[in-house]
Amino acid sequence: MLRIHNTLTRSKQPFIPIAPPRVAMYVCGMTVYDYCHLGHARVMVVFDAVVRWLRASGFDVTYVRNITDIDDKIIQRALENEEPIEALTARFIAAMDEDALALGVMKPDYEPRATQHVAGMLAMIGKLIERRMAYAIPGGDVYFSVRDFPGYGKLSGKSLEDLRAGERVEVAGDKRDPLDFVLWKAAKPGEPAWDSPWGKGRPGWHIECSVMSEHHLGSHFDIHGGGQDLQFPHHENEIAQSEGAHGHAFVNYWMHNGFVRVDNEKMSKSLGNFFTVREVLANYDAEVVRFFILRAHYRSPLNYSDQHLDDARSALTRLYTALKGAATAQRGEIDWSEPHAARFREAMDDDFNTAEAVAILFELANEANRLHSARHAGLLRALAGILGLLQRDPTQYLQSAPAVSALSAEDIELRIGERAAARKARDFAAADRIRKELADAGVTLEDNARGTVWRRQ
RNA sequence: GGCGCGAUGGCAGAGUGGUUAUGCAGAGGACUGCAAAUCCUUCCACGUCGGUUCGAUUCCGGCUCGCGCCUCCA
């Protein structure tokens with residue numbers, strides 16, 4: 001049985017869907033004013049693996065990942081770029097789609113955008129005011145009143161007192177409580193705005209997720225995910241809004257993935273220590289990046305460095321090499337009673353332990369190599385497929401070139417031909433010279449009974 | 001200051017109250033014209049101080065160090 005670590009209880013709990021086999025899952029996606037960095041990649045890949053495993057386990061998953069396409073930073077960036085907001089967001093949504101596709105991330109079932117749900121937000125804000133959990137102030141802002149929502153802080157494990165004590169920022173004097181957060185922001189002249197009962201304005205950040213999740217999944221659903229940094233205040237506020245408006249439980253299982261780090265520090269926009277997905281993909285195959293992410297547990301911190309990606313690349317090469325030699329059996333149904341498959345399932349059922357699952361993949365590779373077993377190779381490929389790995393033609397993968405490559409496949413084949421002639425003439429010095437030359441260009445040769453095969457790096 | 005998470009072998013990274021994680025790297029061997037790949041063998045481990053226990057890396061507590069949240073952030 002699947003167990004999920006629930007942030008609400010800080011423990012692993014058996015996963016019991018509200019209406020099996022249906023599973024409703026919402027993940028906070030990107031604010032589209034810049035390229036995705038590796039932290040975003042981790043969210044996409046991790047929850048992609050979660051959805052894949054849920055589906056492989058027989059659940060009928062509806063997966064929603066939102067797009068925040070209106071917010072202060074978007075407005076500011078559009079202003080800086082002197083381009084319309086719609087053009088800016090369209091550009092970065094397209095870039096995000098490219099990154100996701102490269103990383104093998106399947107499209108969510110729905111990708112709602114904040115700007116498409118303003119009417120729903122107005123309705124929910126109205127309801128919160130009606131239920132006396134929100135209030136409008138003269139300027140046109142509307143705030144959520146945290147003291148009127150019992151249980152505020154239950155997700156992040158903080159009390160209102162703790163939070164007040166820890167305040168680091170001076171707050172506007174018109175809030176009733178410093179911790180009250182904005183639901184609706186009055187527009188300043190020139191800013192994008194929607195009409196509302198409180199005047200022209202735009203939504204606060206948190207309200208969109210409460211509204212869009214309800215729209216697609218209902219007011220009470222199974223799983224809500226996102227990066228650890230969203231736990232507070234974003235997800236805490238979502239709970240306040242949704243439970244405040246509906247009067248019943250919002251989400252049963254909260255999942256938060258760990259940060260990507262650089263030099264032991266969180267990779268973040270504000271620190272400026274981030275690498276965009278496309279920067280990394282210029283030097284590394286996207287599958288290597290996906291493998292690198294999935295090889296760690298989703299809740300652990302993940303340290304990024306070129307050295308670690310090199311390591312991941314070598315490891316992935318071993319897996320593909322095992323597949324190369326074997327006539328992989330057709331994919332089809334997985335025999336879950338097979339010991340490796342059973343352990344794989346056990347690992348994934350234990351809070352999506354992809355690190356353990358990947359280790360089992362290596363054990364299968366060893367079996368496949370040792371026994372020349374197409375059955376093991378086939379199982380390796382099938383199980384890896386659940387993680388979105390090892391689905392390419394092995395030779396194609398092993399010969400794939402990074403962005404900048406000195407030698408073309410044709411050149412390589414040509415040199416291999418010359419070397420074969422030299423070897424036939426038993427001129428091994430010449431043959432070794434050619435091999436050395438190719439090695440220096442990042443190409444490794446392997447002689448076998450049928451001839452010579454090559455791969456990069 | 002408040003709250004929380006973590007500390008595993010050269011590196012990365014799972015896990016477990018007593019038994020091999022796994023990968024990369026290293027050493028030796030088999031195979032090879034030599035290599036590569038593969039296989040076999042092998043070195044290297046659980047921050048620190050106490051406690052519980054027949055036995056703790058694994059449970060409990062103190063300490064040290066690191067990280068995160070408390071402000072936008074995946």
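Letters A, B, ... mirror the listed sequences (proteins, then strands); counts begin at 1.
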Nearest-angstrom distance from the residue atom CG of A:L309 to P of B:C11: 18 Å
Out of B:C72, B:A74, B:G33, whichever nucleotide has its closest atom nearest the side chain of A:R426: B:G33
Inter-nucleotide P distance (B:G15, B:A21), Å rounded: 14 Å
Rounded distance in Å between the C1' positions of B:U42 and B:G55: 28 Å
Per A:N369 side chain, nearest of listed nucleotides B:U38, B:G2, B:A74: B:U38
Minimum-distance nucleotide (side-chain atoms of A:F259 versus B:C72, B:A12, B:G68): B:G68
NZ/NE/NH1/NH2 to OD/OE distance under 4.0 Å, A:R77 and A:D71: no
Under-3.5 Å donor-acceptor pair between A:K73 side chain and B:C73 base: no
Under-4.0 Å salt bridge between A:D350 and A:K12: yes
Touch class at under 4.0 angstrom, heavy-atom based, for A:R42 against every strand present: nothing
Out of B:C34, B:A74, B:C67, whichever nucleotide has its closest atom nearest the side chain of A:D447: B:C34
Minimum-distance nucleotide (side-chain atoms of A:S300 versus B:C73, B:C3, B:A14): B:A14
For atom NE2 of A:H234 and atom P of B:G68, their distance in whole Å: 21 Å
Sub-4.5 Å side-chain heavy-atom contact between A:Q457 and A:T317: no
Pairwise P distance, B:U32 and B:C11 [rounded to whole Å]: 37 Å
Sugar-phosphate, base or nothing in reach of A:A359, heavy atoms under 4.0 Å: base
Upstream residue (5' side of RNA chain B) when A:R10 and A:R435 are each assigned their closest nucleotide: A:R10
Base B:G68 paired with A:D229 side chain (donor-acceptor, <3.5 Å): no
Sidechain N-carboxylate O distance under 4.0 Å for A:R91, A:E83: yes
Sugar-phosphate only, base, or nothing, as touched by A:V260 at under 4.0 Å among non-hydrogen atoms: base
Ionic contact status for A:K436 with A:D440, cut-off 4.0 Å: yes
Residue whose closest nucleotide on RNA chain B lies nearer the 5' end, A:A296 versus A:V358: A:A296
Sugar-phosphate, base or nothing in reach of A:K269, heavy atoms under 4.0 Å: nothing
B:G33 to B:C46 separation - C1' atoms, rounded to the nearest Å: 46 Å
Aromatic centroids of A:Y35 and A:F92 separated by under 6.0 Å: yes
Pairwise P distance, B:A74 and B:U38 [rounded to whole Å]: 40 Å
Parallel, tilted or perpendicular: ring planes of A:F274 versus A:H37, cut at 30 and 60 degrees: tilted
B:C39 OP1/OP2 closer than 4.0 Å to side-chain N/O of A:N366: yes
Pairing of A:D285 and A:R392 as salt bridge, 4.0 angstrom limit: yes
B:C54 and B:C49, which share atom name C1', separated by this distance in whole Å: 23 Å
Below 4.0 Å: OP1/OP2 of B:C69 and any side-chain N or O of A:K266: yes
Nucleotide nearest A:S268 when distance is taken to its side chain, options B:C73, B:C40, B:G68: B:C73
Side-chain ion pair, A:R147 and A:D180, N-O less than 4.0 Å: no
OP1 or OP2 of B:C39 under 4.0 Å from side-chain N/O of A:R318: yes
Sugar-phosphate, base or nothing in reach of A:G258, heavy atoms under 4.0 Å: base
Whole-Å distance separating the CD atom of A:E208 from the P atom of B:A74: 11 Å
Mutual orientation of the aromatic rings belonging to A:Y26 and A:H224 [parallel < 30°, tilted 30-60°, perpendicular > 60°]: tilted
Residue A:L163, side-chain atoms from C-beta onward, closest of B:A74, B:C70, B:G15: B:C70
Whole-angstrom distance between B:G13 and B:G17, as gauged at atom P: 23 Å
Phosphate-side-chain proximity, A:N264 and B:C67, N/O vs OP1/OP2 below 4.0 Å: no
Distance in angstrom units between A:F428 CZ and B:G33 C1', rounded: 4 Å
A:N448 side chain near B:A36 phosphate (N/O to OP1/OP2, under 4.0 Å): no
Between B:C34 (C1') and A:D427 (CG): distance, integer Å: 13 Å
Sugar-phosphate, base or nothing in reach of A:R419, heavy atoms under 4.0 Å: base
Touch class at under 4.0 angstrom, heavy-atom based, for A:M267 against every strand present: base
Residue A:D162, side-chain atoms from C-beta onward, closest of B:G33, B:C40, B:C3: B:C3
5'-to-3' dot-bracket of RNA chain B (Watson-Crick, G-U; under 3.5 angstrom; crossing pairs as [ ]; | other strand): (((((((..(((.....[...))).(((((.......)))))....(((((..]....))))))))))))....
Sugar-phosphate only, base, or nothing, as touched by A:L445 at under 4.0 Å among non-hydrogen atoms: base
N or O in side chain of A:R295 less than 4.0 angstrom from B:A12 OP1/OP2: no
Presence of salt bridge, A:R419 and A:D447, under 4.0 angstrom: yes
d(NZ, A:K154; C1', B:C69) in whole Å: 19 Å
Whole-Å C1' distance, B:U41 and B:C31: 15 Å
Euclidean distance, atom CH2 of residue A:W254 to atom P of B:C5 [Å, nearest integer]: 19 Å
A:E367 CD - B:C40 P separation (whole Å): 9 Å
Closest listed nucleotide, where the reference is the side chain of A:H37 and the choices are B:C34, B:A74, B:A14: B:A74
Within the 6.0 Å centroid threshold, strictly below: A:Y110 and A:Y63: no
Nearest to side-chain heavy atoms of A:S270, which nucleotide of B:G33, B:A12, B:C72: B:C72
